[in-house]
Amino acid sequence: MDKALVIDVGKCTGCRQCELACSYEHTGTFNPARSRITVFDFHEKARFVPYTCTQCDQAWCQQVCPVGAISNENGVKVVDAATCVGCKVCTIACPFGTVNYEPASGKVIKCDLCGGDPACARACPTEAIVFADVAVQGFEKMRAWAEKTDTAPQASA
Amino acid sequence: MAWARKILRVNLTEGTCKSEPLNMEWAMQYLGQRGLATKYFVEEVDPKVDPLSPENKLIMTTGPLTGTNASTAARYSVVTKGPLTNCIACSNSGGYFGAELKNAGWDMIIFEGRADKPVYLVINDDEAELHDASELWGKSVWHADDWIKEKHQEPMFQIAAIGVPGEAGVLFSAVVNNKHRAAGRSGVGTVMGSKNLKAVAVRGTRGIKVHDQEAFDKAVAGAKAVIAGNAVTHEALPAYGTQVLMNIINELGALPTRNARDVQFEGANDISGEAMHEPRRSDGKPNLARNAGCFGCTIACGRISQIDPAHFSVKDKPQYHHASGGVEYENAWALGADTGVNDLEALTYCNYRCNEHAIDPITTGATIASAMELYKIGALTDAETGGVKMEFGSAEALVAAVDAICEGTDFGKLLGLGSKRLCEKFGHPDLSMSVKGQEFPAYDPRGIQGMGLTYATSNRGACHLRSYTVASEVLGIPEKTDPLVTDGKAGLVKIFQDLTAFVDSSGLCIFTTFAWSAEDIAPQIDAACEGDWSVENLMTVGERIWNLERKFNMDAGMTAEDDTLPKRILKEAAKTGPAKGLVNGLDKMLPEYYELRGWTPDGKPTEETLSRLGIS
């Protein structure tokens, strides 16, 4: 079963525990600046949005890397830090901005799904981020919309 | 670890920013944040200092857990001598500012002196620099936040700022970060304004480590599970925020109404947490847009609201048609029940304004309530209000009064004195519902007796957040006590004060204590920090902090006579509800409290007590 990070924006409270968990997993410190997932606070729209790599099947970052530092490991695009030369071409190619250059290491960093047990999903207190089967990602959304589908005559205009 | 072990000293007179090592000997005695900054403050500042003089200092301080993944580890505090109270002031805020400051590698910033022209401080990790704020002076917190990010092309800045009232000397100005989280009380923003310091912008990328990571992981995970399993922290607070209390406290007959003339408000339900969820008749949308958490918070009690664009307060003001911080319980009470206004949209507008211009909504609402009573008895007239009909229950008057404070009109300047000075000025000092110059919040001490002692003895003037005995007297946490009796309340207040003082020094939020006992908190601190941080030691740290604050206040000129309550609370009985016929029995609690504290009958910490706690 292929799994992916499923993000339900409506459930995010902006606590940034995902950033803490991600940075701790990857750097050993609590450091949101080095997290591979970022929570955006659109304060005036009352919306928090966690955003990270969706692991494209045909990944722009992987295709443009001139040294072959990005590999496809069971669908997860993983940066080999030893190979990466920090040229940043992948950061230009990625349409979503989810692969980024990290000044602290001189390499690019991106989500690697923590080897199959993403720390962000474990840390999220509201299930805004869950690690779930990609085939049924849209199931809950479909069900929510399906429930609203009603062809019965309306009681009032 | 956990501490960054580094403090930033900013001399505004000289325009210098210097790094110093954190005094670890003091950290072992006072932990961090509230306690440790207070220690620095009393060591460096004369207790008799004029709060608005350059000789006063202002400290922004994190706790050792701030910025870690412990639940609610967002907190930072602003410590200074407050102009509203002439006491030690310590106001605590969440949002994202504190964690960012810690991540930049600083435990605290000590501001001293006064800049000769308006400045703001920019911190990028190790680098700290003062910048010219002349373009920001006279502008709001919201404007400053956007402007600084744009100017420096740094969208990731976390910013704390003051508004126009803080510049102009309104005595209850706050420091607001992230546009809607406030270090709210005692006029800490007024001190910042007196120093010509408009804002602090910080970006931190260094990372935070703790002392024993394995033990910390275990303690944090266990404590998070406790929050997730608790009905208050996992259900009531996320759904209704602190506003869950509005109907509860009203039914208990402890909701100060119309300047505490009454203890129950007939419009309470209209301004309650439940009402915030109900679709409006005008546009079919609820007032509440969503809940929100501060940094690392797994409770998420924060309210994000959206005002009805057709409401009279914002009809012609599209700049307020977006979402922003909605009313919390204290704000809804102060702006609403205490003024007799049951218009939730008007309260939300006023709350926006309090955030936009960084004024304390509790003192704002309570001062307006006192002005309404002065107006009712004819002591304050249209001549002083600029024609505003300051009648209890008038949403129009409330909105006009809040606008006046933000805009600095003549009437706004009067209100900007706070209720104590306002009521004294107009010849009715008893109409100020304040202790040591600061207005009490949303719990009437006639209906919740322990809160009377809480207000009377709070080191920063009347405040619920120094010993929240409501937890015990109303919610039964950790065990239920009778809110209508005074027996046992002295001991309860002392324990809550000491517990709160150490929690406020850790980086954690006091709201965790709805779910967490000291036994849940101590292992997290103990794992994060070197040293012994057992429950027993932490309670002693709390007691030490309390006595240090008390000693400062006594040295500043406070006496036992200041440990009192407004005459109304002591002499005029509650008219309705369970507390009908009761006044607050402060005289029954105070002597016992002094004795339990190891203080003299006139409220002074004895030499023996100070020596036992290692306070010289």
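Per chain, numbering begins at 1; letters A, B, ... match sequence-line order. No experiment lies behind these values; they were computed from the predicted model shown.
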Undergrad: Counting only non-hydrogen atoms closer than 4.5 Å, does B/Ala292 touch chain A with its backbone (N, CA, C, O), its side chain (CB onward), both, or neither?
TA: both
Undergrad: Against chain A, label B/Ala225 side chain, backbone, both or neither, depending on which of its atoms sit under 4.5 Å from a heavy atom there.
TA: neither
Undergrad: Is any side-chain heavy atom of A/Ile70 less than 4.5 Å from a side-chain heavy atom of A/Cys90?
TA: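 Contact flag for A/Ile70/A/Cys90 side chains = yes.
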Undergrad: So what's closer than 4.5 Å to chain A heavy atoms on B/Arg203: side chain, backbone, both or neither?
TA: side chain
Undergrad: Between A/Pro32, A/Cys18, A/Ala104, A/Ala21, which shows the greatest number of heavy-atom pairs under 4.5 Å with chain B?
TA: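 Max contact count across the listed options: A/Pro32.
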Undergrad: For chain A, which of B/Ala289, B/Ser324, B/Ala300 has the most heavy-atom pairs under 4.5 Å?
TA: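 Most heavy-atom pairs within the cutoff with chain A belong to B/Ser324.
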Undergrad: Heavy-atom cut-off 4.5 Å, strictly under: side chain, backbone, both or neither for B/His321 against chain A?
TA: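 Answer is neither: B/His321 stays 4.5 Å or more from chain A.
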Undergrad: Counting heavy-atom pairs closer than 4.5 Å to chain A, which one of B/Gln306, B/Lys224, B/His234, B/Glu100 comes out on top?
TA: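 Among B/Gln306, B/Lys224, B/His234, B/Glu100, the one with the most close pairs to chain A is B/Lys224.
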Undergrad: Checking A/Cys12 against chain B: side chain, backbone, both or neither under 4.5 Å from a heavy atom?
TA: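 When you check distances to chain B, only backbone atoms of A/Cys12 fall under 4.5 Å.
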Undergrad: How many angstroms lie between atom CG of A/Leu5 and atom CD1 of A/Ile37, to the nearest 0.5 angstrom?
TA: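 Here the rounded value is 6.5 Å.
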Undergrad: With a sphere of 6.0 Å drawn around CD of B/Glu127, does it hold more than 12 non-hydrogen atoms of other residues, nucleotides or ligands?
TA: no
Undergrad: Determine the interplanar angle of the B/His322 and B/Tyr352 rings, folded into 0 to 90°, and report it as parallel if under 30°, tilted if 30 to 60°, perpendicular if over 60°.
TA: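 Correct class here is parallel.
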Undergrad: Measuring from atom CG of B/Leu344 to atom NE2 of B/His311, what distance do you get when rounded to the nearest 0.5 angstrom?
TA: 9.0 Å
Undergrad: Return yes if a side-chain donor-acceptor contact under 3.5 Å exists between B/Asn178 and B/Gln158, otherwise no.
TA: yes
Undergrad: Quick one: sort the B/Phe514 and B/Phe511 rings into parallel, tilted or perpendicular, breaks at 30° and 60°.
TA: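 If you compare the ring of B/Phe514 with that of B/Phe511, the planes turn out tilted.
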Undergrad: Under a 4.5 Å cutoff for heavy-atom pairs, which residue among A/Thr29, A/Thr27, A/Asp41 has the most contacts with chain B?
TA: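 Answer, by heavy-atom pair count under 4.5 Å with chain B: A/Thr29.
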Undergrad: Need one label for A/Tyr24: side chain, backbone, both or neither, based on atoms under 4.5 Å from any heavy atom in chain B.
TA: side chain
Undergrad: For B/Asn103, is it the side chain, the backbone, both, or neither that has a heavy atom closer than 4.5 Å to a heavy atom of chain A?
TA: side chain
Undergrad: Go through the atoms of B/Asp125 and report whether side chain, backbone, both or neither lie under 4.5 Å from a heavy atom of chain A.
TA: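 Neither; nothing under 4.5 Å.
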Undergrad: Can you tell me if B/Asn287 and B/Thr348 form a side-chain donor-acceptor pair at under 3.5 Å?
TA: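 Yes, B/Thr348 and B/Asn287 have a side-chain donor paired with an acceptor closer than 3.5 Å.
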Undergrad: Checking side-chain polar atoms at under 3.5 Å, does A/Lys110 have a donor or acceptor matched by the opposite partner on A/Gln55?
TA: yes
Undergrad: Out of B/Ala99, B/Gly293, B/Pro238, which one racks up the most heavy-atom pairs below 4.5 Å with chain A?
TA: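 Winner by heavy-atom pair count: B/Gly293.
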Undergrad: Can you tell which part of B/Ile304 gets under 4.5 Å to a heavy atom of chain A, answering side chain, backbone, both or neither?
TA: side chain
